[in-house]
Amino acid sequence: MKPIFKGVRGAPDILPGEVGRWQRVEAEARRILQDYGYQEIRTPIFERTELFVRGIGEGTDIVEKQMYTFEDRGKESLTLRPEGTAPVIRACLEHHLLTRGGLYKVYYTGPMFRHERPQAGRFRQFHQIGAEAIGVEDPALDAEVLDLLCHLFDTLGVSGWKLHLNSIGDEACRPVFREQFTRYVQAKKEKLCPDCRVRLERNPLRILDCKEEGCRSLVAQAPSPLESLCKDCKTHFHRLQELLGLLKIDYSVNEHLVRGLDYYTRTAFEFVNPALGAQNAIAGGGRYDRLVDEMGGPPMPGIGFAIGMERLLISLPQEEQGEMWIGVFAATLGKEASQLALQIVQGLRRQGVRASLDLEGRSLKSQMRLAHKERYRYTLILGDEELKTGLATLKDMAKGDQEQIPLREVVNRLVSQESRGRAE
RNA sequence: GUGAGCGUAGCUCAACGGUCAGAGCACUGGACUGUGGCUCCAGGGGUUGAGGGUUCAAAUCCCUUCGCUCACCCCA
């Protein structure tokens, strides 16, 4: 027997055995986001293609080669969302959520889609928890956002994470720097690696990030990105660093940190887990002070981040599977007993007790094994003898002892016993 | 998109080109006529990813293809 179908490459199933971890992390993240004043927003997983092209930027890798784009029946070009910020801004503008003009904070969770070659920590469908804080330019907001992420990672027990921080300038100084940098590198382009020669044409600032020795030394002599910032950007960045000191948040400035989405301005950051392999960013984000404006809204600054769920999850300490030992399994012998058990189990479930019984005609031994394997705290044994005497046998699977209890009291006894069992 | 490595039972892995492809775990049953875990015994499970080739003989060597994995790229 071979299955006929396989899942789509890069789009893994999340199986019952791992869903618990997802739920716990999502719950913790939601709690913290709410503590910091964020409300949840849910946007569709697809949008008009144009939203992403305009929002993320035409020349970016995402738009150029990673989008899942298709035509719907009305011949409209739609795209499975590759990121969350553009849809959120779109929704905020469409529903006039920013009209009050003050600070507006929302978060989202869910799947994102990018057509890349899968590898460790990289998928075609992956999941993000993201947040956007719109309407405030003050670096105190940047600090707050970074604090939120530190707090979340520490709470979850991510060990060894590092915060990389940079400022990539704004519409005033970035083009100037880009111009200077490109001119410098252009003059010495024979020292560049082949990849960087391509970058020079397409996206010169990426050269800052190259790992090749030749490129690195060239970059080291080139104009410094941070020193090329305009006065306002410098002030913003310095103030942010002061505030991070105040909040005792560890970070390292990495002036070669470049972001792959065009909308970022000023603050750019990445939370990295060095233990992870090549794809080691567990969260990333930054400021986008022009994006709202560019999307047809009022000029409003903003900052956001996205956490990669899959990468976050593998960064978490192994939690040992806590043995549950909860609930009641009704093991039966014979048809009559089986019917009685069905009623008892129904009653227990209605009282909120985890309860089950055999529906496969298993032997008693096999039912016991099943009860043990599925970690039921009690097994209620019902057979001819119990029906005759009106006393059911109740076995405590954790302790191993058993007692007789009157059939008519079974549900009530188990409900109270079960709540005591849980408390232990 | 480019490169490398790997595909054997549900899972983890064995098998110098040479008997009928094995083991552990898991599963089912028994020892225990109505009692889980521990132990022992037995049993079911495989087109060796697929297709072709070399050979007296292929899980093993070669080619093709698909899949997985890792890396480049890029990012969460």
Side-chain angles (χ1 to χ4, degrees), chain A residues 1-3 6-10 12 17 56 60-66 81-85 109-130 149 193-196 198-199 202-203 206 209-212 257-261 264 268-273 276-286 304-315 323 325 329 331-334 337 360 362-387 392-402:
Chain A
M1 270 209 303
K2 251 192 186 136
K6 282 188 147 178
V8 174
R9 147 178 277 214
I56 300 169
T60 59
D61 275 30
I62 293 178
V63 169
E64 248 175 24
K65 46 196 188 198
Q66 298 176 353
R81 64 181 182 195
E83 61 104 38
T85 301
T109 83
M112 304 292 163
F113 306 85
R114 292 183 200 171
H115 190 107
E116 298 182 88
R117 193 86 164 248
Q119 85 187 64
R122 191 166 78 184
F123 309 91
R124 288 181 174 178
Q125 173 172 331
F126 59 101
H127 298 78
Q128 292 187 333
I129 300 174
L149 285 162
C193 70
D195 280 344
C196 281
V198 178
R199 290 185 179 119
R202 314 204 50 142
N203 192 350
R206 283 254 158 251
D209 209 18
C210 186
K211 285 131 202 145
E212 292 291 325
L257 178 67
V258 184
R259 308 252 69 214
L261 291 79
Y264 285 116
F269 58 86
E270 239 170 51
F271 284 79
V272 160
N273 177 357
L276 242 44
Q279 309 302 327
N280 62 6
I282 53 181
F305 65 80
I307 303 166
M309 269 297 274
E310 287 82 356
R311 294 181 190 175
L312 176 57
L313 283 163
I314 51 173
S315 303
E323 314 255 299
W325 296 110
F329 190 93
T332 59
L333 285 156
E360 303 169 75
R362 289 166 176 267
S363 70
L364 182 65
K365 181 198 276 288
S366 166
Q367 292 181 60
M368 299 288 294
R369 263 204 278 267
L370 194 63
H372 178 259
K373 194 169 69 184
E374 297 188 356
R375 303 280 120 118
Y376 283 93
R377 177 64 196 267
Y378 299 101
T379 300
L380 183 74
I381 299 168
L382 292 171
D384 294 340
E385 257 171 58
E386 283 79 3
L387 291 176
T393 304
L394 182 67
K395 179 158 189 173
D396 185 326
M397 300 295 276
K399 293 183 178 144
D401 47 5
Q402 58 186 48

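Sequence lines set the chain letters: A, B, ... in the order given, protein chains first and strands last, and positions in each chain run from 1. Note that the coordinates shown come from a computational prediction; the quantities given were computed from them, not determined experimentally.
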**Request:** Would you mind classifying the nucleic acid contact of A:E385 as base, sugar-phosphate or nothing, using non-hydrogen atoms under 4.0 angstrom?
**Result:** base
**Item:** Contact pattern, 5' to 3', of nucleotides 37-43 of chain B - B, S or - by protein heavy atom under 4.0 Å
**Value:** B------
**Atom P, compared across B:rG29 and B:rU35: separation rounded to whole Å** = 14 Å
**Request:** Before accepting this row, confirm whether a basic side-chain N of the pair A:R377/A:D396 lies closer than 4.0 Å to the acidic partner's carboxylate O.
**Result:** yes
**Pairwise side-chain contact, A:H127 with A:E310, heavy-atom cut-off 4.5 Å (strictly under)** = yes
**Prompt:** Looking for any heavy atom pair under 4.0 Å, which part of the strands does A:A283 touch: base, sugar-phosphate only, or nothing?
**Reply:** sugar-phosphate
**Message:** I'd like to check A:K395 versus A:M368 (side-chain heavy atoms, cut-off strictly below 4.5 Å). Are they in contact?
**Reply:** yes
**Complete:** Note: for A:L382 and A:S363 on RNA chain B, the residue whose nearest nucleotide lies more 5' is A:S363
**Request:** Say whether, by atom type as modelled, one donor and one acceptor occur between the side chain of A:E116 and the main chain of A:Q66 under 3.5 angstrom.
**Result:** no
**Message:** Measure CZ/A:R362 against C1'/B:rG34 and give the value in whole Å, please.
**Reply:** 17 Å
**Asked** Is there a Watson-Crick or G-U wobble partner for B:rA57 with both distances under 3.5 Å, and which nucleotide is it?
**Response** none
**Asked** Does the side chain of A:P111 reach to within under 4.5 Å of the side chain of A:R81, using non-hydrogen atoms?
**Response** yes
**Complete:** Scanning all shown strands, the Watson-Crick or wobble mate of B:rC27 with both distances under 3.5 Å is B:rG43
**Opposite nucleotide pairing with B:rU65, Watson-Crick or G-U, both atom distances under 3.5 Å** = B:rG49
**Request:** Starting at atom CZ of A:R311, determine the distance to atom P of B:rA76, rounded to an integer number of angstrom.
**Result:** 8 Å
**Request:** Confirm from the modelled atom types if A:Q367 and B:rU35 form a donor-acceptor pair under 3.5 Å, side chain to base only.
**Result:** no
**Prompt:** Starting at CZ of A:F305 and ending at P of B:rA76, how long is that distance when rounded to a whole Å?
**Reply:** 13 Å
**Opposite nucleotide pairing with B:rC70, Watson-Crick or G-U, both atom distances under 3.5 Å** = B:rG3
**Request:** Could you tell me the separation between the NE2 atom of A:H115 and the C1' atom of B:rU2, rounded to a whole number of Å?
**Result:** 14 Å
**Message:** Applying the Watson-Crick and G-U wobble criteria at under 3.5 Å, what pairs with B:rU33? Answer none if nothing qualifies.
**Reply:** none
**Request:** May I ask you to evaluate whether A:S366 reaches the phosphate of B:rU28, defined as a side-chain N or O under 4.0 Å from OP1 or OP2?
**Result:** no
Listed pairs, N/O of protein and of nucleotides 68-71 of chain B, under 3.5 Å:
| from | atom 1 | to | atom 2 | distance (Å) |
| --- | --- | --- | --- | --- |
| B:rC68 | OP2 | A:R9 | NE | 2.9 |
| B:rC68 | OP2 | A:R9 | NH2 | 3.0 |
| B:rC70 | OP2 | A:A120 | N | 2.9 |
| B:rA71 | OP1 | A:A278 | N | 3.2 |
| B:rA71 | OP2 | A:Q119 | NE2 | 3.1 |

**Prompt:** Taking a pair as Watson-Crick or G-U wobble with both distances under 3.5 Å, which nucleotide is matched to B:rG17?
**Reply:** none
**Request:** Considering only atom C1', compute the distance from B:rC68 to B:rC25 and round it to an integer number of Å.
**Result:** 23 Å
**Asked** Any donor-acceptor pair under 3.5 Å joining the side chain of A:E386 to the base of B:rG34?
**Response** yes
**Request:** Would you check, one step at a time, whether the test side-chain contact (heavy atoms from CB on, under 4.5 Å) holds for A:R375 with A:M397?
**Result:** CA-CA 8 Å; A:R375 303 280 120 118; A:M397 300 295 276; over 6 Å; no
**Prompt:** Quick one: do A:E270 and A:R259 make a salt bridge, cutoff under 4.0 Å?
**Reply:** yes
**Message:** Expressed as a whole number of angstroms, how long is the span from A:E64:CD to B:rC74:P?
**Reply:** 12 Å
**Asked** Using a cut-off of 4.0 Å on non-hydrogen atoms, how would the nucleic acid contact of A:I282 be classed: base, sugar-phosphate, or nothing?
**Response** sugar-phosphate
**Message:** Just to be sure I understand the rule, does A:E310 reach a base, reach only the sugar-phosphate, or reach nothing, if contact means heavy atoms closer than 4.0 Å?
**Reply:** nothing
**Asked** To the nearest 0.5 Å, what is the distance between CD (A:E385) and OG1 (A:T393)?
**Response** 7.5 Å
**Message:** If you assign A:D396 and A:L261 each to the RNA chain B nucleotide with the nearest heavy atom, which residue ends up on the more 5' nucleotide?
**Reply:** A:D396
**Message:** For a side-chain contact (heavy atoms from CB on, under 4.5 Å) check, start with the C-alpha distance between A:W325 and A:H372, then their side-chain angles and the critical distance, and finish with the verdict.
**Reply:** CA-CA 9 Å; A:W325 296 110; A:H372 178 259; 3.5 Å; yes
